[in-house]
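Data block below; observations after.
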There are 2 protein chains.
Amino acid sequence: MNAETIPMDKNVEEMLRSHRLKRTSARIEILSLLLESSHTISYNDISEELGDNFDKSTVYRTLNSFEEKGIIHAVNDGSGGIKYAVTKQESEDAHVHFKCDSCEQTYCLPDTKIPRVHAPDGFIINRSSLLINGTCKYCS
Amino acid sequence: MNAETIPMDKNVEEMLRSHRLKRTSARIEILSLLLESSHTISYNDISEELGDNFDKSTVYRTLNSFEEKGIIHAVNDGSGGIKYAVTKQESEDAHVHFKCDSCEQTYCLPDTKIPRVHAPDGFIINRSSLLINGTCKYCS
DNA sequence: AATATAAATGCTACCAAATTGCATTAATAA
DNA sequence: TTATTAATGCAATTTGGTAGCATTTATATT
Ligand SMILES: [Mn+2]
Ligand SMILES: [Mn+2]
Ligand SMILES: [Zn+2]
Ligand SMILES: [Zn+2]
């Protein structure tokens with residue numbers, strides 16, 4: 001009775017319930033995708049994977065409500081579109097994101113924290129985001 | 001005979017000449033704007049400042065060729081559009097960018113270098129970009 | 001189980017940022 | 001001065017994302 005025997009759907013529906021989000025098929029399928037993915041995913045990734053089962057605006061609205069609830073976080077990797085990944089407890093503090101120049105995937109590095117820098121006098125720091133470009137471990 | 005007595009246009013035209021770019025009025029005006037600005041500027045900033053003297057595609061193409069030559073660098077501050085700033089010699093190594101939550105301007109911090117982080121095994125780092133959000137010194 | 005209600009969905013139309021093809025114009029070299 | 005080549009303007013197009021509104025669905029209540 002390890003974690004993998006727990007059906008994914010139960011996890012997903014429980015997550016939605018605990019955030020007071022109605023369990024619609026769009027939300028269940030999109031959140032499942034996000035949970036299964038090892039890297040950040042975009043609207044286009046979702047749309048390809050789900051084969052246009054849901055309207056564009058539904059997908060975007062779903063992503064936005066997940067983000068508002070803190071279930072996922074947005075990653076801007078300079079690709080022109082926003083990507084998302086589920087927010088795991090351990091990675092709540094600001095972590096680094098890594099974009100592979102070869103496979104174009106962007107990964108969360110939850111164990112790599114963003115170092116504090118000290119800005120010039122008068123500049124007050126609220127939050128920061130660090131994007132690293134390079135070659136990921138699957139491409140090197 | 002200090003630096004400020006040198007007419008800007010001479011600087012600009014010399015910069016263009018040294019990069020083998022034809023000295024067109026679009027390039028001269030756009031590069032002048034970039035050189036005068038204390039913060040990064042977007043296509044819209046340029047378009048407002050220049051009062052639609054130049055076509056959108058001309059402005060974008062101008063920015064792209066400046067970037068290719070290394071005269072300017074692009075900054076992605078999550079605002080939806082790309083911003084640019086001239087690349088000064090001293091700031092060639094990767095420096096931090098600062099986006100003010102109040103005035104919405106984004107600044108280069110040429111003296112604030114991006115700290116090296118060590119990525120997990122197998123990830124090879126090529127370059128990195130660090131964006132800080134907060135309150136700038138003119139707004140605090 | 002039937003129903004009420006509020007929220008989510010699917011359209012369609014729209015917006016903003018940026019790019020492209022192509023004919024015309026301007027900068028530079030000869 | 002002319003030839004060559006690059007830059008420009010224009011209109012159309014692409015891409016990522018949002019908004020209004022009628023319809024449908026999930027959930028709570030009876
Ligand atoms: Mn992440
Ligand atoms: Mn900069
Ligand atoms: Zn890779
Ligand atoms: Zn400010």
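Quantities reported herein were computed from a predicted structural model and do not represent experimental measurements. Order of the sequence lines sets the chain letters (A, B, ...), proteins ahead of strands, with each chain counted from 1. All heavy atoms count here, side chains included; hydrogens, waters and symmetry mates do not.
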Nearest-angstrom distance from the residue atom CD of A:E13 to C1' of D:dA26: 12 Å
Atom-to-atom span, CD of A:E29 to P of D:dT25 - whole angstrom: 15 Å
Enter the distance from B:L130:CG to A:I132:CD1 here, rounded to the nearest 0.5 Å. 10.0 Å
The contact string for nucleotides 17-30 of chain C, one letter per nucleotide 5' to 3', using protein heavy atoms under 4.0 Å with B, S and - for base, sugar-phosphate only and none, comes out as SBBBB-----BS--
Are B:S47 and B:D52 close enough, and set up right, to give a side chain to side chain donor-acceptor pair (under 3.5 Å), and what steps lead you there? CA-CA 6 Å; B:S47 160; B:D52 291 335; 3.3 Å; yes
Quiz question: by atom type and distance under 3.5 Å, do the side chains of A:N44 and A:S42 form a donor-acceptor pair? no
Before giving the answer on side-chain contact (heavy atoms from CB on, under 4.5 Å), spell out for B:L131 and B:K99 the whole-Å C-alpha distance, their side-chain angles and the decisive distance to 0.1 Å. CA-CA 7 Å; B:L131 177 74; B:K99 166 128 190 244; 4.2 Å; yes
Please report, rounded to the nearest Å, how far the C1' atom of D:dA11 is from the CG atom of B:D52. 16 Å
Is any NZ, NE, NH1 or NH2 atom of the basic residue among B:R61 and B:D55 found under 4.0 Å from an Asp or Glu carboxylate oxygen of the other? no
Heavy-atom nearest pair, B:H97 first then B:H95, reads NE2-NE2, 3.0 Å
Atom pair distance, as rounded to whole Å: CD1 in A:I28 and C1' in D:dT27: 13 Å
Atom CZ of B:F66 and atom C1' of D:dA7 are separated, to the nearest Å, by 12 Å
I need the CG-P distance between A:L16 and D:dT25, as an integer number of Å. 18 Å
ILVMFWY cluster, A:L31 and A:I82 together (side-chain gap under 4.5 Å): yes
Five pairs per end, C1' atoms only: what is the angle between the end axes of the helix from C:dA1-D:dT30 to C:dA30-D:dT1, to 10 degrees? 30°
ring-ring contact (aromatic ring centres under 6.0 Å, His included) test vs B:Y60 passes for just one of B:F54, B:Y43, B:Y84, B:F66, namely B:Y43
Distance in angstrom units between B:F54 CZ and D:dC10 C1', rounded: 16 Å
Given B:K69, B:H73, B:E67, the one that forms side-chain hydrogen bond (donor to acceptor under 3.5 Å, both in side chains) with B:T87: B:H73
A:D45 has an atom CG; how far is it from atom P of D:dG17, in whole Å? 11 Å
